[in-house]
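The following block contains the structure, expressed as structure tokens.
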There are 2 protein chains.
Amino acid sequence: MPRNREQDVCEVKSVDTAKVMAVKKTMPSDRDMHSLSEIFSVLADPARTKIIYALSKEELCVCDIANILGNSISAVSHQLRILRNMRLVKFRKEAKRVYYSLDDRHINRLFDEGLKHVRE
Amino acid sequence: MPRNREQDVCEVKSVDTAKVMAVKKTMPSDRDMHSLSEIFSVLADPARTKIIYALSKEELCVCDIANILGNSISAVSHQLRILRNMRLVKFRKEAKRVYYSLDDRHINRLFDEGLKHVRE
DNA sequence: TGATTATTTGAACAATTGTTCAAATATAAT
DNA sequence: ATTATATTTGAACAATTGTTCAAATAATCA
């Protein structure tokens, strides 16, 4: 016998169509949602949250960051590249060293808001 | 010839010991940092941010959520389990259906703060 | 120039994540 | 009891992620 295939995706039938449409209407765009979770992904790793925290206090060179985290230089450098690509940190070269600092005031607000959450 | 192994980890030498120690001193605990990135991990997936958003508007059953996201019931149920385990959503059974709602006012603040960030 | 130090990069690898599919519960209706 | 519907679960799998190691730049110094 024929099965009901009238629904949009995966044959999922909605129970309360009014609710579903209301929520769909105000749902932020896929593009925004993707950017949003991309930002959260950056903070979804302890090494990176520590880097963000450290740089919120001080401008630091790579080896000092590595020292603070207790991680290898290479690991830290890879993480810094991610933060650079997301424009969350900026850097300046001084002689052989590269000094990093926060390039985004928002990320700090997110970090603090998250920490508040965790601490209660 | 002997190499300098006096530093704590990975032979990383710190450049500015004062800075390093100052930052280390105020760095939140590993435990807090781990919890923090765990929370951000939850929001690091578009499917979950959409669920959080949807539930911030309405209490919804699983199939309505699936409908809103355009995902399969099973995929949504797996994601809901993650949110349940993190105590971010609660649910009640009504007949055959399971209705989910937000169980955490903080997560909404994080979501909004993130969206603000993304939108400028 | 060659040697040393600071950082970046690429490849390889293990670990984690998210989806799919099929099977298992759970509840209600016939 | 049998059937149908709603949801959960487990196993398998592909995709992504983070680390390590070694090699490549880049900048300074002898």
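Below, read A as the first sequence line, B as the second, and so on, with proteins coming before strands; counting in each chain starts at 1.
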Exercise. Please list, chain by chain and in numerical order, all residues satisfying side-chain hydrogen bond (donor to acceptor under 3.5 Å, both in side chains) with A/Tyr99, sequence neighbours excluded.
Key: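 For A/Tyr99 there are no side-chain hydrogen bond (donor to acceptor under 3.5 Å, both in side chains) partners, ignoring immediate neighbours.
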Exercise. Assign B/Tyr99 to base, sugar-phosphate, or nothing according to its heavy-atom contacts below 4.0 angstrom with the strands shown.
Key: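 Contact class for B/Tyr99: none.
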Quiz item: Rounded to the Å, how far apart are A/Leu83 CG and C/dT7 P?
Solution: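 The distance from CG of A/Leu83 to P of C/dT7 comes to 16 Å, rounded to the nearest Å.
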Exercise. Mind running salt bridge (charged side-chain N to carboxylate O under 4.0 Å, His left out) on A/Lys90 and A/Asp104 for me, showing each step along the way?
Key: CA-CA 9 Å; A/Lys90 61 180 188 290; A/Asp104 187 313; over 6 Å; no
Self-check item: Whole angstrom value for the distance that separates C1' of C/dA6 from CD1 of A/Ile65
Solution: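 Answer to the nearest Å: 13 Å.
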Between the protein and nucleotides 18-24 of chain D, which nitrogen or oxygen pairs come in under 3.5 angstrom?
unit_1: D/dG18; atom_1: OP1; unit_2: A/Arg48; atom_2: NH1; d: 3.3
unit_1: D/dG18; atom_1: OP1; unit_2: A/Arg48; atom_2: NH2; d: 2.9
unit_1: D/dG18; atom_1: OP2; unit_2: A/Arg48; atom_2: NH1; d: 3.3
unit_1: D/dT19; atom_1: OP2; unit_2: A/Gln79; atom_2: NE2; d: 2.6
unit_1: D/dT20; atom_1: O4; unit_2: A/His78; atom_2: NE2; d: 3.3
unit_1: D/dC21; atom_1: N4; unit_2: A/Ser74; atom_2: OG; d: 2.7

Practice problem: With sequence neighbours excluded, give me every ring pair (Phe, Tyr, Trp, His ring centres under 6.0 Å) pair touching residues 57-93 of chain B. | Solution: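 Checked against ring pair (Phe, Tyr, Trp, His ring centres under 6.0 Å) - neighbours excluded - the pairs reaching residues 57-93 of chain B are B/Phe91-B/Tyr100.
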Practice problem: State, with a plain yes or no, whether a side-chain heavy atom of A/Lys50 is found less than 4.5 Å away from one of B/Asp30. | Solution: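 They are in side-chain contact.
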Self-check item: Distance-minimising heavy-atom pair for B/Leu115 and A/Leu36
Solution: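 Closest heavy-atom pair between B/Leu115 and A/Leu36: N-CD1, 3.4 Å.
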Quiz item: Quick one: B/Asp64 CG to D/dT5 C1', roughly how many Å, whole number?
Solution: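 For the pair B/Asp64 CG and D/dT5 C1', the rounded distance is 14 Å.
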Practice problem: Would you indicate, yes or no, if D/dT8 has its OP1 or OP2 atom less than 4.0 angstrom from a side-chain nitrogen or oxygen of B/Tyr100? | Solution: yes
Self-check item: Rounded distance in Å - CG (B/Leu80) to P (D/dA6)
Solution: 16 Å
Quiz item: At under 4.0 Å, does any side-chain N or O of B/Arg84 touch on OP1 or OP2 of D/dT8?
Solution: yes
Self-check item: Test log, rule salt bridge (charged side-chain N to carboxylate O under 4.0 Å, His left out), inputs B/Asp32 and A/Arg119
Solution: CA-CA 7 Å; B/Asp32 275 2; A/Arg119 281 182 163 159; 3.0 Å; yes
Quiz item: How would you list all residue pairs meeting salt bridge (charged side-chain N to carboxylate O under 4.0 Å, His left out) that involve residues 72-89 of chain B, not counting sequence neighbours?
Solution: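 Not a single pair qualifies under salt bridge (charged side-chain N to carboxylate O under 4.0 Å, His left out).
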Quiz item: Atom CG of A/Asn67 and atom P of C/dT7: how far apart are they, to the nearest Å?
Solution: 12 Å
Quiz item: Looking at residues 87-96 of chain B, who's got a heavy atom less than 4.0 Å off DNA chain D?
Solution: B/Lys96
Quiz item: Can you name the residues that form a ring-ring contact (aromatic ring centres under 6.0 Å, His included) with B/His106, not counting sequence neighbours?
Solution: A/His117
Quiz item: Please give, in whole Å, the distance from D/dT9 P to B/Asn85 CG?
Solution: 9 Å
Exercise. Among B/Leu83, B/Leu80, B/Leu88, B/Leu43, find the residue that satisfies the side-chain contact (heavy atoms from CB on, under 4.5 Å) test when tested with B/Arg48.
Key: B/Leu83
Self-check item: Whole-Å distance separating the CZ atom of A/Arg97 from the P atom of D/dT25
Solution: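 Those two atoms, CZ and P, are 22 Å apart.
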